[in-house]
Amino acid sequence: NAFLDALRAFVQSDPEATRRTASRYAAAVNGALDAWEAAQKRLDQLLMQRIDTLRRQRLISLLLIGSLGLLGLLVAFLTYRDMIVPIKRLADLANTIRTTKNYGLRFDYESRDEIGRLGGAFNEMLGELAVARDREIMGQAEIARVSRLATMGAMVASIAHEIRQPLAAVVANPHAGTRWLEKEQP
């Protein structure tokens with residue numbers, strides 16, 4: 001580029017030298033310079049078109065990536081709201097039931113998805129545990145009642161023995177005394 005600029009300056013600076021050189025050479029140099037300028041302009045146009053195309057593609061890519069990022073955030077939020085929150089509530093309820101042993105508590109979540117079915121199964125399990133716990137309490141109460149009755153029976157038997165023993169002695173001693181008195185003296 002610098003060579004061509006210097007050549008152009010030489011050709012245009014001294015008209016006498018230009019006449020002295022062959023007109024063909026000057027025409028060839030001017031033609032080459034004109035062709036170079038035309039090619040340079042065309043290359044600049046092509047470069048600018050390519051840069052504009054790349055900028056548009058970059059903008060479209062950024063918009064697409066941003067849209068996908070927002071879509072990902074939306075999916076994460078919906079997942080958190082529809083899955084994580086109910087599961088946390090169910091876990092908190094399970095911990096409360098474990099610590100309080102209150103099997104009357106229920107998971108209040110109505111849905112037709114897997115978490116809703118899990119909550120329904122959990123509530124059914126709690127109902128069965130409550131019934132089993134009531135049966136256990138009733139069984140323990142029955143065992144305590146039977147144990148009290150057995151203790152009372154043993155106590156009544158002991159009292160009866162304690163009453164019968166002196167009464168038997170009272171009855172046996174007069175009979176022995178009567179027999180002794182009825183016996184002949186030796």
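With values rounded to the nearest 0.5 angstrom, L73 atom CG is found 11.0 Å from L78 atom CG. Rounded to the nearest 0.5 Å, atoms CG (L126) and CZ (R133) are 12.5 Å apart.
By the side-chain hydrogen bond (donor to acceptor under 3.5 Å, both in side chains) test, E128 is found to be paired with no residue, residues two or more places apart in sequence or in another chain being considered. For L54, the side chain to side chain contact (heavy atoms under 4.5 Å, CB included) partners two or more places apart in sequence, or in a different chain, are R50, Q57. Listed by chain and residue number, nothing satisfies the side chain to side chain contact (heavy atoms under 4.5 Å, CB included) test with R112 (two or more places apart in sequence, or in another chain). Legend: residues meeting side chain to side chain contact (heavy atoms under 4.5 Å, CB included) with L90, ordered by chain and number and at least two apart, are F107, L118, F122. With sequence neighbours excluded, the residues forming a side chain to side chain contact (heavy atoms under 4.5 Å, CB included) with R55 are I51, D52, R58, listed by chain and number. By the side-chain hydrogen bond (donor to acceptor under 3.5 Å, both in side chains) test, S111 pairs with D113, sequence neighbours left out. Residues satisfying the side-chain hydrogen bond (donor to acceptor under 3.5 Å, both in side chains) criterion with N95, sequence neighbours excluded, are R98.
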Side chain to side chain contact (heavy atoms under 4.5 Å, CB included) between L74 and L70: does it pass, once the steps are laid out?
CA-CA 6 Å; L74 178 66; L70 288 175; over 6 Å; no
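Residue pairs that meet the salt bridge (charged side-chain N to carboxylate O under 4.0 Å, His left out) test with at least one member in residues 30-44, sequence neighbours left out, are R8-E37. Pairs passing the side chain to side chain donor-acceptor pair (under 3.5 Å) check and including a residue from residues 149-170, sequence neighbours excluded, do not occur. Among pairs with a residue in residues 63-89, none fulfils side chain to side chain donor-acceptor pair (under 3.5 Å), at least two apart in sequence or across chains.
Hydrophobic clustering, with ILVMFWY side chains joined whenever heavy atoms are under 4.5 angstrom apart, keeps V75 apart from I84. L105 and Y103 fall within the same hydrophobic cluster, where Ile, Leu, Val, Met, Phe, Trp and Tyr residues are linked whenever their side-chain heavy atoms come under 4.5 Å apart, directly or through other members.
Cluster partners of L64 are L68, counting Ile, Leu, Val, Met, Phe, Trp and Tyr whose side-chain heavy atoms approach within less than 4.5 Å, directly or via other members.
Dense packing is recorded around CE of M125, with more than 12 heavy atoms of other residues, nucleotides or ligands lying under 6.0 Å away.
In this structure the side chain of L93 reaches within 4.5 angstrom of the side chain of I97, judged on heavy atoms.
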Give every donor-acceptor pair under 3.5 Å between a side-chain atom in residues 135-149 and any protein atom, sequence neighbours left out.
from	atom 1	to	atom 2	distance (Å)
E136	OE2	Q140	NE2	3.4
E142	OE1	R145	NE	3.4
E142	OE2	R145	NH2	2.7

